[in-house]
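Notes follow once the structure below has been shown.
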2 protein chains.
Amino acid sequence: MTTAAHRPATLEDVARLAGVSRSTASRVIAGTGFASPDARDRVATAAHRLGYVPNPAARALVSGAGVRLVVAVAGTSAAVLDDPYVHRVVGSAARVCTPAGVGVALHWLPLGEPTGLDQLARDRSVCGVVLVNTTEDLLDAIPRSLRGRVVSIGIGSPTVPSFDVDNTAGADAVLHHLYATGRRRIAMVTGPQWLPCSRRPVEAYRGLMRQAGLPERVLPGDFSAARGRAAAGEALRRWPDVDAIYAISDETALGVIAALSDEGVRVPSDVAVAGFDDIPLAAMTAPALTTASHPVGRIATAAATALLDGRPAAPVTLFPSVLVARASA
Amino acid sequence: MTTAAHRPATLEDVARLAGVSRSTASRVIAGTGFASPDARDRVATAAHRLGYVPNPAARALVSGAGVRLVVAVAGTSAAVLDDPYVHRVVGSAARVCTPAGVGVALHWLPLGEPTGLDQLARDRSVCGVVLVNTTEDLLDAIPRSLRGRVVSIGIGSPTVPSFDVDNTAGADAVLHHLYATGRRRIAMVTGPQWLPCSRRPVEAYRGLMRQAGLPERVLPGDFSAARGRAAAGEALRRWPDVDAIYAISDETALGVIAALSDEGVRVPSDVAVAGFDDIPLAAMTAPALTTASHPVGRIATAAATALLDGRPAAPVTLFPSVLVARASA
DNA sequence: CTGTTAGCGCCTTCAG
DNA sequence: CTGAAGGCGCTAACAG
């Protein structure tokens with residue numbers, strides 16, 4: 001801790017100063033194996049005085065561990081990597097990986113050609129892969145050698161633990177809220193068709209509409225605000241009596257509200273609008289957005305932690321999605 | 001590319017299959033040094049057939065390079081690491097670092113005790129540090145051994161290249177817009193006091209107000225939407241004639257608008273509101289937010305790229321901040 | 001132009 | 001309980 005040595009101390013330096021062998025120093029610093037209290041103490045002191053910081057790269061090399069955790073995002077174009085959702089996942093992952101000496105990498109998995117995973121499987125610096133926007137095809141394409149080192153934020157499989165929000169329950173809660181507050185002409189803006197986890201809310205919607213004897217009005221979406229704007233216009237045109245629009249993303253919902261306002265339609269008196277995610281700004285818009293929460297940070301943290309821990313995770317970890325009733329619906 | 005070998009191929013395997021030495025294989029794969037067209041070809045073929053992927057950790061170990069790029073964020077609490085702005089920086093950095101086999105780590109630098117940097121300096125797995133929320137104290141505390149491996153998103157120093165948005169010009173543009181559209185009682189909500197780059201807009205504001213003979217009305221802020229809500233109330237109470245509120249963050253501006261709406265104050269007819277950043281949602285709120293753009297992604301990309309390239313960057317790289325006039329002001 | 005020779009910093013059997 | 005020895009996968013001088 002004293003001198004800012006120009007050449008950072010190595011384990012060798014610590015061992016020499018402590019008057020022990022590298023092996024012993026290694027044991028006490030890694031906290032593995034035996035060491036006498038005396039040795040333990042001298043090594044600790046030496047390490048402290050030298051300001052010794054272990055080199056994760058060397059450590060990984062010898063133990064075959066890997067120094068990078070890869071966030072692999074499926075999508076139609078590399079632009080998915082700029083998505084705020086993806087950034088939240090990467091940020092949260094980086095935060096938990098840092099203390100372990102692991103860095104985070106960000107990969108794009110082009111939809112329909114899942115060979116990208118093969119390369120990751122052969123990269124010995126990769127300690128694990130977090131799949132985002134997981135599809136069935138993707139799960140099928142996971143190389144055997146990656147087994148046990150892959151988790152999914154979204155759907156999983158017998159060999160790939162899933163960390164996900166309870167989409168169905170979240171959608172149900174919002175839809176019930178809409179119904180309970182008197183809405184009967186409810187339109188829905190979906191997520192991307194190819195994304196499994198955006199199908200569940202649609203099923204929930206169709207089920208409830210059918211059950212209540214209400215018309216089904218589905219508009220395809222892509223989670224974007226721009227799509228929300230367009231979808232609102234379509235909804236108004238096709239179904240002038242619409243009294244609620246449920247979007248599967250807060251961004252989209254805000255786009256819907258913006259378009260509605262432009263058209264002179266009032267929210268929520270004329271048309272109620274609800275979203276999904278509860279992004280930080282959802283509480284700050286006018287009107288404040290009614291939505292279901294989606295703890296992205298906690299999910300990503302759990303997924304990354306499972307990988308770092310190494311031991312097999314539960315097949316499915318579901319995070320609750322709770323209704324947040326605000327002004328927009 | 002053929003077999004998904006259970007044990008990933010090493011350079012040794014490639015060399016053997018190609019019938020050359022490890023060194024030669026290394027040269028053609030790393031693209032460094034000489035190699036006959038023949039050797040080059042055979043190694044390439046072998047590597048391809050084996051699906052060889054170099055191990056960045058081993059490579060870094062021997063070349064002394066480092067496998068992690070650290071995003072180090074100064075702040076009063078570790079909660080800064082959850083900031084959307086920070087996540088954007090990390091995401092963008094991860095994207096450019098990935099092809100280089102470098103992972104991204106995320107560190108919190110507690111304000112006022114800059115010893116965190118010492119530890120980073122001694123970690124041989126760190127190839128570079130991107131400072132976020134840089135303060136003068138932080139710049140002073142950078143260990144010599146880190147020189148040339150640190151860049152700053154924010155203020156810099158003779159030894160630390162700065163990548164930043166042109167705050168002054170951005171603030172000027174917004175303020176002039178406010179003035180040009182007839183606003184004369186302009187209040188401002190600042191960023192955190194300790195953050196150097198949030199001081200420049202304040203100076204711009206004071207300068208312009210003084211020059212125009214208008215009253216100075218400054219409210220301390222912290223970039224948060226919650227603070228925006230509170231600040232709007234204060235502004236209304238202290239200066240009932242206020243006709244514009246300029247916040248140094250879009251989140252804060254949206255908080256201001258929300259509070260104003262709650263109070264029955266109309267935006268922009270009663271009070272104009274402007275922000276700073278142009279976050280994606282700024283165009284989707286009602287009213288759409290007038291702001292100045294802040295290309296966080298490009299800035300972070302440039303900063304990370306400079307570190308990866310290794311060669312000294314320009315002392316200051318300024319990104320333009322352009323006025324985006326929408327409905328709120 | 002190519003192969004040989006040394007390690008990078010660390011962990012992990014093994015004898016002692 | 002401890003030290004000696006070997007090697008993780010790769011690159012960087014060197015001689016040939």
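Heavy atoms only: backbone and side chains are in, while hydrogens, waters and symmetry mates are out. In what follows, every chain begins at residue 1, and chains take the letters A, B, ... in the order their sequences are listed.
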Out of [options], whichever nucleotide has its closest atom nearest the side chain of [X]:
{"X": "B:Thr24", "options": "C:dG9, D:dC10, C:dG3", "answer": "C:dG3"}
{"X": "B:Ser36", "options": "C:dG9, D:dA12, C:dT2", "answer": "C:dT2"}
{"X": "A:Arg27", "options": "C:dC11, C:dG3, C:dT13", "answer": "C:dT13"}
{"X": "B:Ala58", "options": "C:dG3, D:dG3, D:dG9", "answer": "D:dG9"}

Can you check the [X] [atom1] to [N] [atom2] distance for me, whole Å?
{"X": "A:Arg40", "N": "D:dT2", "atom1": "CZ", "atom2": "P", "value": "9 Å"}
{"X": "B:Arg59", "N": "C:dC8", "atom1": "CZ", "atom2": "P", "value": "19 Å"}
{"X": "B:Arg7", "N": "D:dG7", "atom1": "CZ", "atom2": "P", "value": "15 Å"}
{"X": "A:Asn55", "N": "D:dG9", "atom1": "CG", "atom2": "P", "value": "17 Å"}
{"X": "A:Leu61", "N": "C:dC10", "atom1": "CG", "atom2": "P", "value": "12 Å"}
{"X": "A:Phe34", "N": "C:dG16", "atom1": "CZ", "atom2": "P", "value": "20 Å"}
{"X": "B:Arg42", "N": "C:dC1", "atom1": "CZ", "atom2": "P", "value": "15 Å"}
{"X": "B:Ile29", "N": "D:dC10", "atom1": "CD1", "atom2": "P", "value": "8 Å"}

Check: C:dG9 base within 3.5 Å donor-acceptor of B:Arg122 side chain:
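Under the 3.5 Å cut-off, the side chain and the base do not form any donor-acceptor pair.
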Could you check whether the side chain of B:Arg22 and the base of D:dT11 have a donor-acceptor pair of N or O atoms closer than 3.5 Å, going by distance alone?
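Yes, the side chain and the base share a sub-3.5 Å donor-acceptor pair.
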For [X], answer base if it contacts any base atom (sugar-phosphate contacts may also be present), sugar-phosphate if it contacts only those atoms, and nothing otherwise; contact means non-hydrogen atoms under 4.0 Å.
{"X": "A:Leu11", "answer": "sugar-phosphate"}
{"X": "A:Ala39", "answer": "sugar-phosphate"}
{"X": "A:Ala35", "answer": "sugar-phosphate"}

Return yes if some donor-acceptor pair links the side-chain N/O of A:Arg122 with the main-chain N/O of B:Val53 below 3.5 Å, else return no.
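Absent.
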I'd like to know if the side chain of B:Asn55 reaches the main chain of B:Ala57, judged simply by a donor and an acceptor atom lying under 3.5 Å from each other, with no hydrogens or angles considered.
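Side chain of B:Asn55 to backbone of B:Ala57, a donor-acceptor pair under 3.5 Å: yes, one is there.
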In a check of side-chain hydrogen bond (donor to acceptor under 3.5 Å, both in side chains) between B:Thr134 and each of B:Ser162, B:Ser157, B:Ser152, which one passes?
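With B:Thr134 as partner, side-chain hydrogen bond (donor to acceptor under 3.5 Å, both in side chains) holds for just one option, B:Ser152.
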Counting only side-chain nitrogens and oxygens, does [X] get under 4.0 Å of the OP1 or OP2 atom of [N]?
{"X": "A:Arg124", "N": "D:dG9", "answer": "yes"}
{"X": "B:Ser26", "N": "D:dT11", "answer": "yes"}
{"X": "A:Ser23", "N": "D:dT2", "answer": "no"}

Reading DNA chain C from 5' onward, which residue's closest nucleotide shows up sooner: B:Ser63 or B:Gly19?
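Final value for this comparison: B:Gly19.
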When you look at B:Leu131 and B:Ile153, which way does the side-chain contact (heavy atoms from CB on, under 4.5 Å) test go after all the steps?
CA-CA 6 Å; B:Leu131 257 24; B:Ile153 294 187; over 6 Å; no
Atom pair OG1/CZ of B:Thr10 and A:Arg124 - distance to nearest 0.5 Å
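Interatomic distance, B:Thr10 OG1 to A:Arg124 CZ, rounded to 0.5 Å: 6.5 Å.
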Scan B:Val126, B:Asp123, B:Val67 and name whichever one has a side-chain contact (heavy atoms from CB on, under 4.5 Å) with A:Pro56.
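Considering B:Val126, B:Asp123, B:Val67, a side-chain contact (heavy atoms from CB on, under 4.5 Å) with A:Pro56 is found only for B:Asp123.
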Given A:Val90, which partner from the list A:Leu106, A:Leu69, A:Leu81, A:Val132 fulfils the side-chain contact (heavy atoms from CB on, under 4.5 Å) test?
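Between A:Val90 and the candidates, side-chain contact (heavy atoms from CB on, under 4.5 Å) is satisfied uniquely by A:Leu106.
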Taking the nucleotide of DNA chain D with the nearest heavy atom to each, does A:Val62 or B:Thr32 sit closer to the 5' end?
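The residue closer to the strand's 5' end, by nearest nucleotide, is A:Val62.
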Taking it one step at a time, do B:Ser26 and B:Ser23 satisfy side chain to side chain donor-acceptor pair (under 3.5 Å)?
CA-CA 5 Å; B:Ser26 173; B:Ser23 320; over 6 Å; no
Between the opening five pairs and the closing five pairs of the helix from C:dC1-D:dG16 to C:dG16-D:dC1, how far apart are the helix axes, to 10°?
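The two end axes of the helix from C:dC1-D:dG16 to C:dG16-D:dC1 meet at 40°.
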